[in-house]
Enquirer: 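Provided herewith is a single structure, encoded as structure tokens, for subsequent inquiry.
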Amino acid sequence: MKEHTRVVVIGGGIVGASMLYHLTKLGWSDVVLVERKQLTAGSTWHAAGAFHSMNSDPNVARLQAYAISVYKEVEEISGQDVGMHLTGGITIAATSERWEVLRYEHERHRVIGIDSHLIGPEEIKQLCPIMDTKNVIGGLFDANEGHIDPYGSTVALAKSARKAGAEVYLKTKVEDLVHQSDGTWTVVTDKGNIQCEHVVNAAGLWAREVGRMAGVHVPIVPMEHHYLLTGDIDEIAEFDGELPLILDMDGEMYLRQERNGVLLGVYEKNSTPWSVDGTSWDYGESDLLPPRLDDIENELMRGFERFPSVADAGIRHIINGPFTFAPDGNPLMGPVRGVQNYWSCCGVMAGFSQGSGVALALSQWMINGETEGDIFAMDVNRFGAFASKTYAIEKAKEFYENRFLLLCPNDEWPAARPHKVSALHDRLQQANAVFGSSFGLEIPLWFAPLGSEPKETPSFRRSNAHEPVGEECRAVRESVGILDISSIAKYEISGPDAVTYMDYLFASRLPDLGRMRLGPLLLPSGHLKGDMTVMRLAEDKFMITGSGYLQEFHMLWFEQHAGGKKVRIVNRTDDFSAIAIAGPRSRELLSLVTSENVDNASMPFMSVHSMDVGIALCLVARISFTGELGYEIYVPTVYARSLYDHLFAVGDGLGIRAFGIRALLSLGMEKSFGIWSREFTPDYTPVMCGLDRFVDYGKADFIGREAALVDREAKPMHRLVTLEIDASDADAWGYEPIWYKDEYAGFVTSGAYGHTVKKSLAMAYVKTQFLDSSNNEFSVHVVDERRPAAIISEAAYDPSGSHMRS
Ligand SMILES: Cc1cc2nc3c(=O)[nH]c(=O)nc-3n(C[C@H](O)[C@H](O)[C@H](O)COP(=O)(O)OP(=O)(O)OC[C@H]3O[C@@H](n4cnc5c(N)ncnc54)[C@H](O)[C@@H]3O)c2cc1C
């Protein structure tokens, strides 16, 4: 066994083996994998081995497609048979709602790059003769689905890595991790110690235990999962070909061929978290759990109805095994804040669809310092301290039980809520708010009419929120609206080196004292890392605000670049609440609660002031995402509720009205304001999305400067535009394809109805070659129809910005 190496990957399941292979593939060969038993000794050995590339997140879908392509590659390199069955797969719809969703998905696959086809019941029957297609309306066929041998594929990955110089130590258990003062690690195993630069936690079922060795809480929960294997079925034995992988989401089951019988797996509503306090070191290798047939009876019965011959074939085996789920079902990968050179690579619930995609992205991150494209959906830093053990259990159970639920973009998942609440929560409840959840915090989405149930009807089309959101928008445009924006992240950066540090961190010029600026953060590749607002409170003290759900993601970035500098970086998000007031009468409202002069000369657009508002000393920023005259009031959380009440009391005569995030997004869309995770992500550069106007290319240095300068001279493939869509019943949500005549021209990033301009609007990336094309020939596929669309050259509302500046 080596005593020194660059990387120790802990865990020899499909994920650890994928990780080892990709580190070597990307050029690091001095790497080892340590496995306490033998390869596949966790969840991997008893998996059904099914894989598919479909995923609602396009970047995850792309990585899944990549993962599938790796199996053939490692089979060739290693000579190890991976047992690949590329049978194709069909997701079937047995309800009209599901069929509509599948058709919508099919359109969006054009954007993601998945070559899927819609097929009817007859074709489904031909491909899968054992299916009773009685109430099946249709299906979505993807040729890039099938199943793989779990053991063969894991071994092929490990062998391929070994051929490139990696080493694999079996029957070697990691017992402790000791962090050295220089940031390196001592990996303590039962066979001796290994010194290394990096450790990767790919310990699957034991990731929580390996996390604890480094002081890291891993919010995953193993869930029990069943599939059954049948004896031979005559129709299959006689069938000329192999059955495709079938996903029956309405029946909450999947099926694939196994020899001349089938494997039928179910996601039961009565789910069972397993070993919630930790996984015993004695579990594994060939252990299985006792079947709980009563709990899966309903789903099995539906399976037998859909595949009648399965019921007659006799059950050969029932497998019940545990595998791990993060609260939202996506992997937990990436560097962990506060623990240098420790990499999370766990919570991968679909190891055979995702293993190599996760491993590719994480290897890029370790070796190049960033991933190619936006992988936030899998980033471990999307969770923070709010993801406690209890939270993780409730959420994992919810995810498991709804794995195949028909999801609309406005669906809100109820488990473990309310979890965190803002100081204004009871006031928002009294006003009949419909809440969403962001980073564990309840946020007001919109306000239902008093006396009605505060609930939104899930739909791809305009929902019961449409009219109330319209009224909220009108209040902001015509008088004054008030919004709880406490979820905004607030960071304080100060100290003797604060200016040089901030100047290097942000691509923009720093604001002058008492002023604020929009500040893009760039990656070394010149792609976006953040879009934040920077306020200068003193010569050497800044307040930075940004999206609340990115707190860990941004704090990690800030801290990673602070090494050796005299700066103090503090996350003040929970210390300060924030209340936005916006609308033509917002200045009047502010003047009624402060003795300061708030006229345009004393308090101009983009200025920031420390001042008394009501009874509290607050920070007031003259800015508003609504495109109206407006202010963001940052108030110490203990005073937030009395200030909110005070504002409401004095605002009564001004027509004050509470509004929610939906109205905010609609108002922002009318101004063509982009948001993070939609228009702005690491997939794009400042030039592509128009944030280049905030980049100070002349500055001596900032992260990503060299690449940004090159990018500025190159013609981008896509540019961000705003579209008007001729749609009267639905608005775009994101990732809908845009067509120019019949050519694919780009995709939508977000959409909303503009209640002031009375138009359906969307923001979209359009290929630059189409930007000068005739504007009458564009169309966008929204829900079930191609709808005419046109690019608008300026914001739909107040393009000169006179209202904001008034
Ligand atoms: C019944 C069932 C069916 C499934 N079907 C599918 C399917 O069809 N398709 C699909 O994609 N996924 C499926 N899955 C999920 C799939 O099994 C997992 O996504 C995958 O196995 C996770 O792999 P892993 O490498 O992360 O973890 P694991 O397989 O749990 O591997 C972790 C490894 O780490 C080792 N280890 C842990 N701690 C230490 C230590 N301290 N020192 C050294 N070694 C250590 C363990 O011994 C183990 O070998 C199924 C799961 C179950 C239970």
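Remember, it's 1-based here, ligands and their atoms both numbered in the order they're listed.
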Enquirer: Can a donor-acceptor pair be found between the side chains of Gln340 and Tyr342 at a distance below 3.5 Å?
Expert: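 No pair is found: no donor N or O on one side chain lies under 3.5 Å from an acceptor on the other.
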Enquirer: Of the backbone atoms (N, CA, C, O) and the side-chain heavy atoms from C-beta on, which set of Val348 has a member under 4.0 Å from an atom of ligand 1: side chain, backbone, both, or neither?
Expert: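 Answer for Val348: backbone.
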Enquirer: Over 60° means perpendicular and under 30° means parallel, so classify the ring planes of Phe386 and Phe383, tilted if in between.
Expert: tilted
Enquirer: Among all protein heavy atoms, pick out the one at the shortest distance from atom 11 (O) of ligand 1; state its residue, atom name and that distance to 0.1 Å.
Expert: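 Atom 11 (O) of ligand 1 sits closest to the protein heavy atom Phe352 N, 2.8 Å.
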Enquirer: Looking at non-hydrogen atoms alone, which of Gln64, Arg208, Glu35 comes nearest to atom 49 (O) of ligand 1?
Expert: Glu35
Enquirer: Around atom 27 (O) of ligand 1, find the nearest protein heavy atom and jot down its residue, atom name and distance.
Expert: Gly204 CA, 3.2 Å
Enquirer: Need the ligand 1 atom indices (1-based, order shown) with element for anything under 4.0 Å from a heavy-atom of Met349.
Expert: 12 (N), 15 (C), 19 (O)
Enquirer: Can you find an N/O atom of Ala48 closer than 3.5 Å to an N/O atom of ligand 1?
Expert: yes
Enquirer: With no hydrogens and no angle check, do the side chains of Asn55 and Gln64 hold a donor and an acceptor under 3.5 Å apart?
Expert: yes
Enquirer: Show the nearest heavy-atom pair for residues Glu209 and Gly278, with the distance to one decimal.
Expert: OE2-CA, 3.0 Å
Enquirer: If you measure from atom 23 (O) of ligand 1 to every heavy atom of Thr279, Val174, Leu33, Thr44, which option wins on shortest distance?
Expert: Thr44
Enquirer: May I ask you to list the atoms of ligand 1 that are less than 4.0 angstrom from any heavy atom of Ala203?
Expert: 32 (C), 34 (O), 37 (C), 38 (N)
Enquirer: Using a 6.0 Å cut-off, check whether atom CZ of Arg212 has over 12 heavy atoms from anything other than its own residue.
Expert: yes
Enquirer: Could an N or O of ligand 1 be found under 3.5 Å from any N or O of His225, whether backbone or side chain?
Expert: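 No - when backbone and side-chain N and O of His225 are compared with those of ligand 1, no distance drops under 3.5 Å.
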Enquirer: Can a non-hydrogen atom of Gly49 be found less than 4.0 Å from any atom of ligand 1?
Expert: yes
Enquirer: Can you report which non-hydrogen protein atom sits closest to atom 28 (P) of ligand 1, along with the distance?
Expert: Ser43 N, 3.5 Å
Enquirer: With Phe239, which residues qualify under ring-ring contact (aromatic ring centres under 6.0 Å, His included), at least two apart?
Expert: none
Enquirer: If the cut-off is 4.0 Å to any non-hydrogen atom of Gly12, which atoms of ligand 1 fall inside it?
Expert: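 Those atoms are 33 (C), 34 (O).
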Enquirer: For ligand 1, which part of Pro322 has a heavy atom less than 4.0 Å away: the side chain, the backbone, both, or neither?
Expert: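 Answer for Pro322: backbone.
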Enquirer: For Gly284, is the nearest heavy atom under 4.0 Å from an atom of ligand 1?
Expert: no
Enquirer: Do Lys173 and ligand 1 have an N or O pair less than 3.5 Å apart?
Expert: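 No: no nitrogen or oxygen of Lys173 is under 3.5 Å from one in ligand 1.
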Enquirer: Between His22 and Trp28, is the ring centre distance below 6.0 Å?
Expert: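 For His22 and Trp28, the ring centres are not under 6.0 Å apart.
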Enquirer: Before signing off on this row, confirm whether Ala47 and ligand 1 have an N or O atom pair separated by under 3.5 Å.
Expert: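 No: no nitrogen or oxygen of Ala47 is under 3.5 Å from one in ligand 1.
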Enquirer: Is there a side-chain contact (heavy atoms from CB on, under 4.5 Å) between Val218 and Cys346? Walk through the geometry before answering.
Expert: CA-CA 9 Å; Val218 181; Cys346 54; 3.8 Å; yes
Enquirer: Report the residue from Arg306, Arg403, Arg302 that forms a salt bridge (charged side-chain N to carboxylate O under 4.0 Å, His left out) with Glu252.
Expert: Arg302
Enquirer: Side chain, backbone, both or neither: which part of Tyr227 comes within less than 4.0 Å of ligand 1 when only heavy atoms are counted?
Expert: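 For Tyr227, only side-chain atoms sit under 4.0 Å from ligand 1.
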Enquirer: For atom OH of Tyr267, decide whether the heavy atoms of other residues, nucleotides or ligands shown that lie under 6.0 angstrom number more than 12.
Expert: yes
Enquirer: Among Val9, Leu177, Val7, which one satisfies side-chain contact (heavy atoms from CB on, under 4.5 Å) with Val199?
Expert: Leu177
Enquirer: Return the closest protein heavy atom for atom 44 (N) of ligand 1 as residue, atom name and distance.
Expert: Arg36 N, 2.9 Å
Enquirer: Distance to 0.1 Å, residue and atom name: give those for the protein heavy atom nearest to atom 15 (C) of ligand 1.
Expert: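 Nearest protein contact, heavy atoms only, for atom 15 (C) of ligand 1 is Phe323 CD1, 3.1 Å.
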Enquirer: Identify, for atom 8 (O) of ligand 1, the protein heavy atom at the shortest distance, and state residue, atom and that distance.
Expert: Ala50 N, 2.9 Å
Enquirer: Which atom pairs, donor and acceptor, lie under 3.5 Å between side-chain atoms of residues 330-338 and protein residues at least two apart or in another chain?
Expert:
unit_1	atom_1	unit_2	atom_2	d
Asn330	ND2	Ala377	O	3.1
Arg337	NE	Glu559	OE1	3.0
Arg337	NE	Glu559	OE2	3.4
Arg337	NH1	Glu552	OE2	3.0
Arg337	NH2	Glu559	OE2	2.8

Enquirer: Going by heavy atoms, is Thr189 under 4.0 Å from ligand 1?
Expert: no
Enquirer: Under 3.5 Å between some N or O of ligand 1 and some N or O of Ile10?
Expert: no
Enquirer: Got an N/O contact under 3.5 Å between Leu205 and ligand 1?
Expert: yes
Enquirer: Determine whether any heavy atom of Trp281 lies closer than 4.0 Å to an atom of ligand 1.
Expert: yes
Enquirer: For ligand 1, which atoms sit closer than 4.0 Å to a heavy atom of Ala41?
Expert: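 With Ala41 as reference, the close atoms of ligand 1 come out as 49 (O).
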Enquirer: State whether a side-chain donor-acceptor pair under 3.5 Å links Glu401 with Ser271.
Expert: yes
Enquirer: Checking Thr279 against Arg208: is there a side-chain donor and acceptor pair closer than 3.5 Å?
Expert: yes
Enquirer: Between Thr186 and Gln195, is any side-chain donor less than 3.5 angstrom from a side-chain acceptor?
Expert: yes
Enquirer: If the cut-off is 4.0 Å to any non-hydrogen atom of Gly321, which atoms of ligand 1 fall inside it?
Expert: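 Ligand 1 atoms under the 4.0 Å threshold to Gly321: 53 (C).
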Enquirer: Out of Asp176, Val187, Val15, indicate the one that has the non-hydrogen atom closest to atom 26 (O) of ligand 1.
Expert: Val15
Enquirer: Hey, is Glu175 touching ligand 1 through its side chain, its backbone, both or neither, going by heavy atoms under 4.0 Å?
Expert: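 The answer is neither.
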